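Here's the structure, in structure tokens; my notes come after.
Since this is a predicted model, take the numbers as computed values, not measurements.
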Amino acid sequence: MLPRRLAPFLPKSRLLFRSLNPSLAMSPSDAAAAHLTTAPDPDEDICPSPAAPAAPEEIAPPVPTPLPPPASAEERVERAWAHWRRLGSPRLVVAPMVDNSELPFRMLCRRYGADAAYTPMLHSRIFSENEKHRDMEFTTCKEDRPLFVQFCANDPDILLQAAKLVEAHCDYVDLNFGCPQRIAKRGYYGAFLMDNLPLVKSLVQNLSENLCVPVSCKIRIFPRLEDTLAYAKMLEEAGASLVAVHGRTRDEKDGKKFRADWDAIKAVKDALRIPVLANGNIRHMEDVKSCLQHTGADGVLSAEPLLENPALFAGFGTKEWKEDGNEDGDGGLDPADLAIEYLKLCEQYPVPWRMIRSHLHKLLGSCFRVHPQVREEFNAQTKLTFEGLHDMVKKLKELGGGIPLYRDQTSLQSQIGSNGLAASNA
């Protein structure tokens with residue numbers, strides 16, 4: 001299945017971008033798309049697709065017919081749950097990751113148990129104005145569902161303009177209220193909108209009143225629980241149909257240093273009447289089980305752990321499973337084989353080389369630690385090719401030394417046997 005790119009079938013009247021002139025004024029928040037206006041970099045090129053001919057222009061799927069506004073808060077909540085159930089009540093979700101939750105990686109994670117996935121964060125203004133940016137940063141395909149398309153924004157009208165371009169290609173338009181990085185502070189989006197809740201409310205409300213697909217929000221918690229609960233309730237009242245809660249504050253950027261607060265996530269779940277997802281401390285399937293039992297959430301998101309182990313949601317874990325005696329099932333999954341699968345998906349669904357380079361560093365991290373000379377050779381390559389990358393992975397397989405992933409059959413079966421890991425309290 002060829003990837004669906006937006007640019008070929010968007011009406012020209014909706015393509016607002018006029019020029020790629022580098023002299024155009026660019027705010028600090030445009031750094032996410034700076035590669036479009038700077039000197040050529042081979043890593044910014046979209047990789048060719050040897051597996052298929054050039055994609056023909058596609059006809060945009062019909063936009064769903066908008067429903068009349070809900071007559072009451074009760075009806076809005078009922079609609080939120082009806083939509084969630086139509087999607088199969090997905091439990092295991094790939095979190096949004098800049099440059100790392102692109103289509104090939106989403107499809108790899110779906111092969112290994114992921115029920116749903118987020119796109120990387122898209123900058124709403126750049127996305128609405130810049131055709132090249134849309135074509136490079138957002139692709140999808142028929143099998144890439146359920147799908148959350150995530151935007152950062154601080155202008156309700158510009159956000160709506162961007163969201164209208166994707167509403168026919170996703171199951172939720174998601175708002176990023178959780179990014180704590182410096183670029184989000186400079187651009188005034190993400191977690192830094194927590195200081196301006198009226199603006200947050202207007203962003204959610206404008207989308208929920210004008211889109212044909214539901215609106216979701218990904219948030220961080222406040223230091224005080226009562227502030228977090230008031231925040232979450234405000235999002236629900238503004239029209240959000242789902243909230244994903246990252247159980248860390250804006251200042252707790254280091255996930256290895258600060259554990260996510262599952263008690264706060266539980267409190268949000270108990271306070272809201274719409275689906276709630278939990279984010280934080282999900283490293284393997286035992287964490288999934290523990291988190292869902294502790295929080296009562298309707299699903300979990302995982303981010304960084306999936307980069308090293310895209311098979312996490314299929315019950316695969318690193319060598320501690322073997323050391324603990326959990327040796328049921330196959331003899332282990334070689335990370336090099338996952339890298340080969342990923343490369344083949346990139347051939348099928350072309351993306352910028354920079355994304356491929358980033359993923360291979362993480363997928364092959366254990367191999368590179370044993371064979372640093374191969375990593376140095378990889379880093380020295382200024383222009384990547386699929387032939388060269390397949391040769392590198394083949395060489396690592398022959399050298400050996402990577403840490404296999406093992407499936408913990410006992411844990412996986414117990415979770416599957418519990419009929420979806422956690423009972424919804426809808």
Side-chain angles (χ1 to χ4, degrees), residues 6 60-96 101 106 114-122 124 127 138 140 144-153 156-157 159-178 200-219 231-246 268-269 271-279 297-301 424-426:
L6 289 182
V63 176
T65 303
L67 294 171
S72 64
E74 291 296 332
E75 183 179 348
R76 186 171 63 243
V77 170
E78 288 173 7
R79 287 187 185 181
W81 280 108
H83 182 75
W84 181 248
R85 293 186 181 112
R86 278 195 299 272
L87 299 178
S89 301
R91 302 284 188 186
L92 310 174
V93 184
V94 180
S101 57
R106 295 197 300 268
D115 297 323
Y118 285 72
T119 67
M121 181 193 74
L122 303 169
S124 58
F127 191 85
F138 176 70
T140 187
D144 186 31
R145 307 295 283 269
L147 180 65
F148 296 72
V149 177
Q150 185 182 79
F151 288 104
C152 67
D157 293 332
L159 172 62
L160 179 61
Q161 200 170 47
K164 281 289 185 182
L165 300 179
V166 302
E167 66 177 339
H169 310 282
C170 64
D171 301 287
Y172 289 93
V173 170
D174 185 76
L175 280 166
N176 181 334
F177 295 132
V200 168
K201 182 176 181 178
S202 69
L203 290 167
V204 177
Q205 203 162 26
N206 197 41
L207 284 194
S208 66
E209 291 175 355
N210 292 286
L211 289 184
C212 299
V213 293
V215 177
S216 61
C217 303
K218 187 169 185 293
I219 66 172
Y231 181 31
K233 290 177 183 177
M234 181 268 289
L235 294 172
E236 179 179 275
E237 292 167 2
S241 294
L242 177 146
V243 173
V245 185
H246 188 144
V268 172
K269 173 59 186 172
L272 297 190
R273 297 187 295 163
I274 57 176
V276 172
L277 304 181
N279 185 197
D298 304 289
V300 299
L301 279 66
S424 170
N425 58 7

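Distance CG/L207 to OG/S202: 9.5 Å, rounded to 0.5 Å. Taken from CG in L277 to NZ in K269, the straight-line distance is 9.0 Å, to the nearest 0.5 Å. Atom CG in L301 sits 5.0 Å away from atom OH in Y118 (nearest 0.5 Å). Considering CG of N176 and CD1 of I219, their distance stands at 11.5 Å, rounded to 0.5 Å. From W84, atom CH2 reaches atom CG of L242 across 5.5 Å, with rounding to the nearest 0.5 Å. For the atom pair OG of S101 and CZ of F148, the computed distance is 12.0 Å after rounding to the nearest 0.5 Å.
No salt bridge links R76 with E236; every basic N to acidic carboxylate O contact stays at or beyond 4.0 Å. Under 4.0 Å is where a charged nitrogen must lie from a carboxylate oxygen, and between R145 and D171 at least one such pair does.
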Q: Give the C-alpha distance, both sets of side-chain angles, the deciding distance and a yes or no for side chain to side chain contact (heavy atoms under 4.5 Å, CB included) between L165 and F138.
A: CA-CA 11 Å; L165 300 179; F138 176 70; over 6 Å; no
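Panel note: side chain E167, backbone C212; a donor-acceptor pair is recorded below 3.5 Å. The backbone N or O of P156 sits less than 3.5 Å from a side-chain atom of N206, completing a donor-acceptor pair. A side-chain donor-acceptor contact under 3.5 Å links S208 to the backbone of A238. A donor-acceptor contact shorter than 3.5 Å links the side chain of T119 to the backbone of Q150. A donor-acceptor pair is defined here as one N or O able to donate and one able to accept, closer than 3.5 Å; no such pair exists between the side chain of S124 and the backbone of F151. Between the side chain of K164 and the main chain of N210, a donor-acceptor pair closer than 3.5 Å is present.
F127 is not listed as a side-chain neighbour of V149, based on a closest heavy-atom distance of 4.5 Å or more. Side-chain atoms of H83 and S241, non-hydrogen and from C-beta on, never get closer than 4.5 Å to each other. H169 places none of its side-chain heavy atoms less than 4.5 Å from the side chain of L147. For the pair L92/V300, a side-chain contact is recorded, criterion being any heavy-atom separation below 4.5 Å from C-beta on.
The two residues V213 and C170 make their nearest non-hydrogen contact at CG1-O, 3.8 Å. D298 and P275 make their closest contact through OD2-CA, 3.3 Å (heavy atoms, listed as atom of the first residue, atom of the second, distance). Between V276 and A297, the closest heavy-atom pair is O-CB, 3.5 Å. Across all their heavy atoms, K218 and P96 have their closest contact at CD-CG, 3.8 Å. Looking at every heavy atom in both residues, A80 comes nearest to I274 through CB-CG2, 4.0 Å. When every heavy atom of A153 is checked against every heavy atom of L203, the shortest pair comes out as O-CD1, 3.8 Å.
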